[in-house]
Visitor: 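Have a look at this one.
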Amino acid sequence: EKIKEEIQCFHMKTSNDLDIFRIKFLGKKKGIITILFKELKKISIQKRKIYGKIINELKKEAQNKIKIFHSKNEIQKNEKGLKFDPTIPGTSIEIGSRHPLSILKNRIIDLLTKIGFTYVDGAEIEDDWHNFTALNIPIFHPSREMQDTFFLCKNPDFLLRTHTSSVQIRYMKKHSPPFRVLSIGKVYRNETISSRSNFMFHQAEGFYIDKKVSFSDLKQTIHYLITSLFGKAKMRFRPSYFPFTEPSAEVDLYCNSEWIEIMGCGMIDPQVLKNVNIDSEIYSGFAFGLGIERLALIIYKIKDIRIYFDNDIRFLNQFKSEF
Ligand code: PHE
């Protein structure tokens, strides 16, 4: 029992400990177990059987301990084989940045939802009624002509929307006022690609319908949006014409000693309200539409509109934003 305990309690850490253990218990000349086996020859056959069994068990115990030591060592060796070094810095993952148009889109959504606008999405494929007719755009209006609009099919007419004003119609048909709505998305016009124009661009459309909405509400909303985006900006409302607003205006921004047109707006024409079954005697509203690309050119001092879609990583990497 004593020897058994000694075997069990022997602490082995290094291969040197293993050697000491082996010599101590199983050494060919002086090993404790070896000596016991030698002693066995000297005693009577009957006792030899009993003691032989005990000594054999001790031998097994010692051999087992050596086996366990080896298998543990094996695992350690394998771990070393992986060459895992926790002190080596990890490989960093490159994080992308948002596209400038997405940043501006998110900023506009953030600013306008703060003052009560609800964000909605609209379809890019429209029919003639939602894109033109309901918005008071008569058949002979130039924006209906083939050079401006991408028609998908004729009779019935389906087209790629030329502006986000179609969202006004879809929303007003489904909901009853009062409401403030914002929508941002792609619009398409058959235009020659240049540094200033593209056949596809993004528009933001805002509209508000309630009792007694006036032009001053429109001015205040635009003023809030523009000063939030540009700081103390010099802007002006210039009388203009849109078939679906009356009166209509264009908003210009003063930058680099010139006036730049940035959006169209106006009071929603009562006829448009009638087209979507809203009582124009009770309700009035305003609407505005602006080009995201155009606005981003000014904010980020970009000279060519085409760079937005070149996917040049050197350009895209420059935009880091919380949005
Ligand atoms: N839809 C007009 C355009 O595409 C912009 C606009 C929107 C004007 C809303 C007035 C009111 O140019």
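Keep in mind the model is a prediction, meaning the values are calculated, not measured. One-based numbering, in listed order, for ligands and for the atoms of each. Note that the numbering runs from 1 along the sequence shown for the chain.
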Visitor: So is T245 polar-close to ligand 1, meaning N/O to N/O under 3.5 Å?
Guide: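 Looking only at distances, the answer is no, because the N/O contact criterion of under 3.5 Å is not met.
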Visitor: Please report which non-hydrogen protein atom sits nearest to atom 5 (C) of ligand 1, along with the residue it belongs to and the distance in Å to one decimal place.
Guide: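 Answer, as residue, atom name and distance: G289 CA, 4.1 Å.
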Visitor: Indicate, with yes or no, if the rings of H163 and F244 have centres closer together than 6.0 Å.
Guide: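 Yes - the distance between ring centres of H163 and F244 falls below the 6.0 Å cut-off.
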Visitor: Measure centre to centre between the rings of Y188 and F199, then say whether the value is under 6.0 Å.
Guide: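 Y188 vs F199: aromatic centres not under 6.0 Å.
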Visitor: Could you list which atoms of ligand 1 come closer than 4.0 Å to a heavy atom of H163?
Guide: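 Near H163, the atoms of ligand 1 are 1 (N), 4 (O).
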Visitor: Side chains of N131 and T162 only: does a donor on one sit below 3.5 Å from an acceptor on the other?
Guide: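 Indeed, the side chains of N131 and T162 share at least one donor-acceptor pair under 3.5 Å.
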Visitor: Which of the atoms of ligand 1 are close to C265, meaning less than 4.0 Å from one of its heavy atoms?
Guide: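 That gives atoms 8 (C), 10 (C), 11 (C) of ligand 1.
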Visitor: Please check if any side-chain donor atom of D252 sits under 3.5 Å from a side-chain acceptor atom of Y254, or the reverse.
Guide: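 Per modelled atom types, D252 and Y254 side chains form no pair under 3.5 Å.
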Visitor: How far is atom 4 (O) of ligand 1 from its nearest protein heavy atom, and which residue and atom is that?
Guide: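 For atom 4 (O) of ligand 1, the nearest protein heavy atom is R189 NH2, 2.8 Å.
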Visitor: Give a yes or no answer on whether the side chain of R161 reaches the backbone of V187 with a donor-acceptor pair at less than 3.5 Å.
Guide: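 No; zero donor-acceptor contacts below 3.5 Å.
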Visitor: I'd like to check which ligand 1 atoms, numbered from 1 as shown, lie under 4.0 Å from a non-hydrogen atom of A287.
Guide: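 So the atoms of ligand 1 that pass are 9 (C), 11 (C).
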Visitor: What I want to check is whether the side chains of T133 and D128 have a donor and an acceptor closer together than 3.5 Å.
Guide: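 Side-chain D/A pair, T133 to D128: present.
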Visitor: What residue and heavy atom of the protein are closest to atom 1 (N) of ligand 1, and at what distance?
Guide: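 Atom 1 (N) of ligand 1 sits closest to the protein heavy atom S165 OG, 2.9 Å.
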Visitor: Side chain, backbone, both or neither: which part of E205 has a heavy atom under 4.0 Å from ligand 1?
Guide: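 E205 to ligand 1: side-chain contact only, backbone stays beyond 4.0 Å.
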Visitor: Mind running ring-ring contact (aromatic ring centres under 6.0 Å, His included) on F319 and Y300 for me, showing each step along the way?
Guide: CA-CA 10 Å; F319 299 92; Y300 298 117; 4.9 Å; yes
Visitor: What's the shortest distance from atom 2 (C) of ligand 1 to any protein heavy atom, and which residue and atom give it?
Guide: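 Nearest neighbour among protein heavy atoms for atom 2 (C) of ligand 1, to 0.1 Å: F244 CZ, 3.8 Å.
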Visitor: Return yes or no for this condition: an N or O of Q203 is under 3.5 Å from an N or O of ligand 1.
Guide: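 The answer is yes, given that Q203 and ligand 1 share an N or O pair closer than 3.5 Å.
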